Undergrad: 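Please find one structure pasted underneath; my questions will follow.
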Amino acid sequence: MSSAWNWPLAALLAVAGFFAPVLLGGSPAIYAALVLIAIFAVMSYGLDSIVSDLGEVSLAHTVFFAVGAYVTALLSVRLGLDPVGTLVGTIIAALIAAGVLGLITLRLREFVFSLVTYAVAVVALTVAANWSFIGGSDGLRGIPAFEIGWLGIRAAGDVELWPIAFVLLLATLYVMRSFRRSRLGQAAIMVHLNPRLATMSGIDPQRTRLQVFLFSAPITASAGWLYAYQRAYVSADLLETYFLILMLTAVVIIGRRLLLGPLIGVALILAQEKFWSFGGYVDRIILGSLLILVLAYLPGGLFGLVQALAEARHRVRARAGDTSSQTRPRKADA
Amino acid sequence: MNLTQQLINGLVLGHAYALIAIGWTVLLGVARLVNFGHGQMYMLGAFMTWFSVSRLGLPYLAAIPVAMMAGVAVGYIMQRVMLRLTLAQDLVSIMIVTLGFGYVLHGAAGLIFGSTGQILETPLSTRDIYWGDLWFTWQDIAIVLVAMAFFAILKYVIDNTGIGRTARMVAEDPPLALLAGIDVKKVYFAVFAFEGAAVALAGALVAPRTPILTSMGFDEVIITFVVVVLGGIGSVTGSYVAGIALGLFTAFFGALVSPAYATAAAFGVLISVLVLRPGGLAAAPGGR
């Protein structure tokens, strides 16, 4: 695809995306669902760079998500900072958290790495539920509306939050696209697919890992930042496995390293949960089964399946063409 | 604080931890596999026992095998679904798939058993023993005895029998084992079935100590993880020792500092060990 028509297409998609809630009927439920889709998609992109590019499984990304939400709640409720201030605080806190976790896990690989990140998430849940400074099991309430006075922005409710969520999503998509074209993105892929070659070409795998970690955490945390405003309260449930499974499924369901993959994945999952729900427990079974089935039977995701089907059809057609061209000379022989 | 009482608590907890972790130890030692659904399988074992006792009216001793059979079934299904990934040793996908299984198990258990907490009472857990100012239940004694027997038998089987030799060979070199005529797939199925049965047994025995909830299982995964890594990945003896050490640590930390943060503290210990020695405490990886 040449970049000459890539940009207009992207712009067209962006405009269509912005008007998506109107196109879908514009009801409050639509706005609510789309704001959540945008937020959770941003959350998933942070994990996407670790799973798809670096090839490791971090199960601690719910922690970054919660760090964003909790920092936003603390700074806005206790210090009265506006969303710009809380976003800066969120990014700094996420970088610190990712730096600490990254350094601890620097020498760990594969499942030990994942185990430690998973344990971090579980321990964070018990800490969040017990530590009274951040509200304990009650959480923190009374987060003010999203309001940046000097820009004249005030967003209360999902309809007014939609433009902000959408801009955050677009910014994330842009950052992800730039990351994949950057030296760091290329290095991550090389470390993932061929660590030895990466080392020989002068890439330090551990350093690359740490850098990708530092890149990914603020993305997921910024989703937590907006989610805090959307919900107006935060509590330990931000660290529940639901968000982890949601992220993982969104990352793998469509296919890895596709720019729009996690967004479409989140949209599919939330559409089911919001509009075709079968109750909490059945929805859990559906989401978990989806994750299992895609990984076990569709390594390329749904996109890979579509590609394989298209190829198979193409092959069948080609074979049909072959046989017809082969039969003719035979008839002539006879 | 009564020192002897905490010592007893710690030993009971330690044997419970070792029993909870043993399925994963074997899974990791023999098949180089991990199972993030381990905690939910523990939950399922506890609830199957509770269901058999309180709803089906089975005696406790008959309920345990029912729970273990359910564990075997879940383990078999998991391995059946993941077989392609297992043979390709795609650990990244396997981790996510097992996490997904845990999530599905939680949903299914909530659907079947409801979301309210239950008390799993056994004929042993209600009978207290007072010895001076010390207190424990017959259930605690059962946990310690079963764990000791289980580990002794397992150790014997792995070191001295044909099954053990086969398992060790698959652990060492799967392609070579295949060449030697071992059905590697069968071994993987067996290992996963064993993991399911072992953790269900642990659930049936250990869960009566506390109220049971379908949302439980996360602490158990962390404990298992700490035991397995500290004990030296895949080492049966190491797991036993690490389990008891962790039990004593948890009991004393809970009594001296705070019971709410005991798991977090155990994890903190693990982190410091991992930073100093990424391979765990045991000298040789794969050693048993």
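Convention: sequence-line order gives letters A, B, ...; per-chain numbering from 1. Remember, it's a predicted structure, so these values are computed and weren't measured experimentally. Atoms considered below: every heavy atom in the structure, side chains included; atoms not considered: hydrogens, waters and symmetry mates.
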Undergrad: How far does OH of A:Y242 sit from NE2 of B:H106, to the nearest 0.5 angstrom?
TA: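 Reported value, rounded in 0.5 Å steps: 14.0 Å.
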
Undergrad: Chain A heavy atoms under 4.5 Å from B:L270: which part of the residue, side chain, backbone, both or neither?
TA: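 No part of B:L270 comes within 4.5 Å of chain A.
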
Undergrad: Which bit of B:L111 is near chain A, if near means a heavy-atom gap under 4.5 Å: side chain, backbone, both or neither?
TA: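 Contact with chain A involves both backbone and side-chain atoms of B:L111.
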
Undergrad: Give the member of A:L248, A:T126, A:I286, A:V51 that has the highest number of heavy-atom pairs under 4.5 Å with chain B.
TA: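 That would be A:L248.
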
Undergrad: Quick one: pull up CD1 in B:I96 and CG in A:L244 and give me the separation to the nearest 0.5 Å.
TA: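 Interatomic distance, B:I96 CD1 to A:L244 CG, rounded to 0.5 Å: 9.0 Å.
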
Undergrad: By a 4.5 Å heavy-atom criterion (distance strictly below it), what part of B:F267 contacts chain A: side chain, backbone, both, or neither?
TA: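 Answer is side chain: those atoms of B:F267 sit under 4.5 Å from chain A.
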
Undergrad: Is it the case that atom CZ in B:R84 sees more than 12 heavy atoms from other parts of the structure closer than 6.0 Å?
TA: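 Count over threshold, so yes.
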
Undergrad: Given heavy-atom pairs under 4.5 angstrom as the criterion, report whether the side chain, backbone, both or neither of A:L125 touches chain B.
TA: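 When you check distances to chain B, no heavy atom of A:L125 falls under 4.5 Å.
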
Undergrad: Mind checking whether A:Y118 and B:F218 have parallel, tilted or perpendicular rings, split at 30° and 60°?
TA: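 Ring orientation of A:Y118 relative to B:F218: tilted.
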
Undergrad: If the test is side-chain contact (heavy atoms from CB on, under 4.5 Å), which one of A:V57, A:T241, A:L59 qualifies with B:F36?
TA: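 Looking at A:V57, A:T241, A:L59, the match for B:F36 under the side-chain contact (heavy atoms from CB on, under 4.5 Å) is A:L59.
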
Undergrad: Between A:I245, A:I292, A:L295, which is the residue that forms a side-chain contact (heavy atoms from CB on, under 4.5 Å) with B:L99?
TA: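 Only one of A:I245, A:I292, A:L295 forms a side-chain contact (heavy atoms from CB on, under 4.5 Å) with B:L99, namely A:I245.
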
Undergrad: So B:I112 and A:Y281, side-chain contact (heavy atoms from CB on, under 4.5 Å) or not? Walk me through it.
TA: CA-CA 10 Å; B:I112 298 166; A:Y281 289 126; over 6 Å; no

Undergrad: Could you tell me which portion of A:V294 (side chain, backbone, both or neither) has an atom closer than 4.5 angstrom to a non-hydrogen atom of chain B?
TA: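 Neither part.
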
Undergrad: In sequence, state the C-alpha distance, the side-chain angles, and the governing distance for A:V123 and B:Y261, and then conclude on side-chain contact (heavy atoms from CB on, under 4.5 Å).
TA: CA-CA 9 Å; A:V123 169; B:Y261 291 113; over 6 Å; no

Undergrad: In terms of heavy-atom pairs under 4.5 Å, which option from B:T98, B:L105, B:V228, B:V92 contacts chain A the most?
TA: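 Going by pairs under 4.5 Å, I would pick B:V92.
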
Undergrad: Can you see which heavy atom on A:A119 is nearest to which on B:I222, and at what distance?
TA: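 The pair with the smallest heavy-atom distance is CA-CD1, 3.3 Å.
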
Undergrad: Can you tell me which portion of B:V34 sits under 4.5 Å from chain A's heavy atoms? Options are side chain, backbone, both or neither.
TA: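 Contact with chain A involves the side chain of B:V34 alone.
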
